[in-house]
Each structure stands twice: as structure tokens, then as C-alpha cells.
Amino acid sequence: MIDELPEYAERVLAAAELIPPGKVMTYGDLAEWLEEGGPRQVGRVMTLYGSAVAWWRVVRADGKFLPGHEQRALAHYREEGTPLKDAGRAATGHMPRLDLRKARWHTEDVSPE
DNA sequence: GTGCTGACACAGG
DNA sequence: ACCTGTGCCAGCA
């Protein structure tokens, strides 16, 4: 439940909550979906309120992780079966990245309302 | 008002 | 794969 927040923030958070497990959306896609603001505005909302929603399903367009949140995000992705680029590869020091080609969620018929 | 900053995106090198 | 610069839109000093 979300209350007492600026309307834009509510919309961003609501949209984030609609992303199904195992899928992700980029900041830019989300902004386009809402037809308001831009990637940076979405990122801003996530900075402020991201902890209230599934923040790991809102990602950068290059598939990299948030510095400092890599482990947490990775744990969620493994749990949800989100496609990772080097999913099969074992630990080698460098973290896997998201395979956006497969993981990106296409909103198509869904409306962020 | 002016300028810097940021959980961004994209093109170059 | 990495780094840099530019464009972008709000928020804040």
C-alpha cells in the first residue's frame, strides 16, 4: 500500500509493482510506459521510495547492477529465475549481468493503472 | 536565476 | 569491456 506520496511517485511505484517476477523493466521503459518524466525521474523516485517495492525489477538499460546492491539483486534474480547473461558460469570474481534481451518485460496490453 | 548532481540512455573511441 | 561526453528532466544549494 502506498499513501501520502506525490502522485508521480505513486505511479512509478505502482508500475514497479506490476512487473511480474522473473521479468524486469528499464528506467527509460518505465518512464515511457507512464508517459511522464524520464529515466532520471524514475531513478529519483526509486532512490527515495524504492525500498518499498521490488526495486530489483527496475534496472539500467545496460543490465548492470546498482553498486552495493549486487548481491541482494542477484539473490532475487536467482530466486525468480530472471534470465542472467552468464547464468551458467560459476563465480569468477565478476558478477553476471542481466540478459535484457530475454528478461525485459513488454507491457503490451497492460496499463500502469 | 545559475549551476551541480543524480538508482539514466546513447553514441564514440 | 571500459571510459568519456552529451542530452535529458527534476530537485536543491
Side-chain angles (χ1 to χ4, degrees):
Chain A
M1 296 282 272
I2 304 160
D3 54 315
E4 312 284 329
L5 291 183
E7 190 175 313
Y8 185 61
E10 275 192 34
R11 294 225 282 147
V12 172
L13 297 180
E17 286 288 83
L18 292 180
I19 303 173
K23 291 284 173 186
V24 300
M25 253 181 121
T26 70
Y27 295 88
D29 283 350
L30 197 33
E32 224 180 87
W33 193 26
L34 296 173
E35 293 180 308
E36 185 177 357
R40 313 212 64 142
Q41 280 52 254
V42 173
R44 189 166 164 39
V45 172
M46 292 309 284
T47 302
L48 298 173
Y49 314 109
S51 52
V53 298
W55 53 266
W56 59 93
R57 296 187 195 138
V58 183
V59 303
R60 279 179 69 135
D62 60 6
K64 275 187 77 73
F65 300 132
L66 304 160
H69 291 231
E70 302 180 326
Q71 283 301 331
R72 246 149 350 208
L74 196 50
H76 285 292
Y77 296 139
R78 290 199 202 284
E79 191 174 11
E80 298 180 359
T82 308
L84 299 175
K85 205 165 182 197
D86 19 328
R89 229 143 280 160
T92 53
H94 75 64
M95 298 291 141
R97 262 188 321 209
L98 283 167
D99 185 352
L100 285 180
R101 191 181 48 181
K102 295 181 194 156
R104 193 179 243 199
W105 184 42
H106 300 273
T107 56
E108 317 222 329
D109 300 313
V110 187
S111 265
E113 312 169 49

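A, B, ... follow the sequence lines: proteins, then strands. Residue 1 opens every chain. The basis for the numbers below is simple: all heavy atoms, side chains too, and nothing from hydrogens, waters or symmetry mates.
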Using whole Å, report how far CZ of A:Arg104 lies from P of B:dA9.
9 Å
To the nearest Å, give me how far apart CZ (A:Arg11) and C1' (C:dA10) are.
16 Å
Taking side-chain contact (heavy atoms from CB on, under 4.5 Å) as the criterion, tell me which of A:Leu18, A:Val45, A:Val58, A:Leu48 meets it with A:Leu13.
A:Val45
Whole angstrom value for the distance that separates P of B:dC8 from CD of A:Glu32
17 Å
Is the distance from OP1 or OP2 of C:dG11 to the nearest side-chain N or O of A:Arg40 less than 4.0 Å?
no
Remember a base hit wins even if backbone is also touched, and classify A:Gly28 as base, sugar-phosphate or nothing at under 4.0 Å, heavy atoms.
sugar-phosphate
Check whether A:Lys23 reaches the backbone of A:Lys102 with its side chain - one donor and one acceptor, N or O, closer than 3.5 Å.
yes
From the options C:dG11, C:dC9, B:dA9, select the nucleotide whose nearest atom is closest to the side chain of A:Arg44.
C:dG11
Quick one: A:Leu30 CG to C:dC9 C1', roughly how many Å, whole number?
15 Å
Could you tell me how far apart A:Asp62 (CG) and B:dC10 (P) are, to the nearest whole angstrom?
10 Å
Separation of atom CZ in A:Arg97 from atom P in B:dA7, rounded to whole Å:
20 Å
Given that A:Pro39 and A:Lys64 both sit by DNA chain C, which one's nearest nucleotide is further toward the 5' end?
A:Lys64
Calculate the interatomic distance between A:Glu70 atom CD and B:dA7 atom P; express it in whole Å.
15 Å
Would you please confirm or rule out a distance under 4.0 Å between OP1 or OP2 of B:dC8 and any side-chain N or O of A:Arg60?
yes
Run the salt-bridge test on A:Arg60 and A:Asp62 with the 4.0 Å N-O cut-off and return the result as yes or no.
yes
Within a 6.0 Å radius of atom CD on A:Glu32, are there more than 12 heavy atoms belonging to other residues, nucleotides or ligands?
no
Closest nucleotide among B:dA9, B:dG6, B:dA7 to the A:Thr26 side chain:
B:dA9
Check: A:Tyr77 side chain, A:Trp56 main-chain N or O, donor-acceptor pair, under 3.5 Å
yes
Rounded to whole Å, the CZ-C1' distance (A:Phe65 to B:dC8) equals 17 Å
Look at the side chain of A:Tyr27 and the base of B:dA9, then say whether one donor and one acceptor between them are separated by less than 3.5 Å.
no
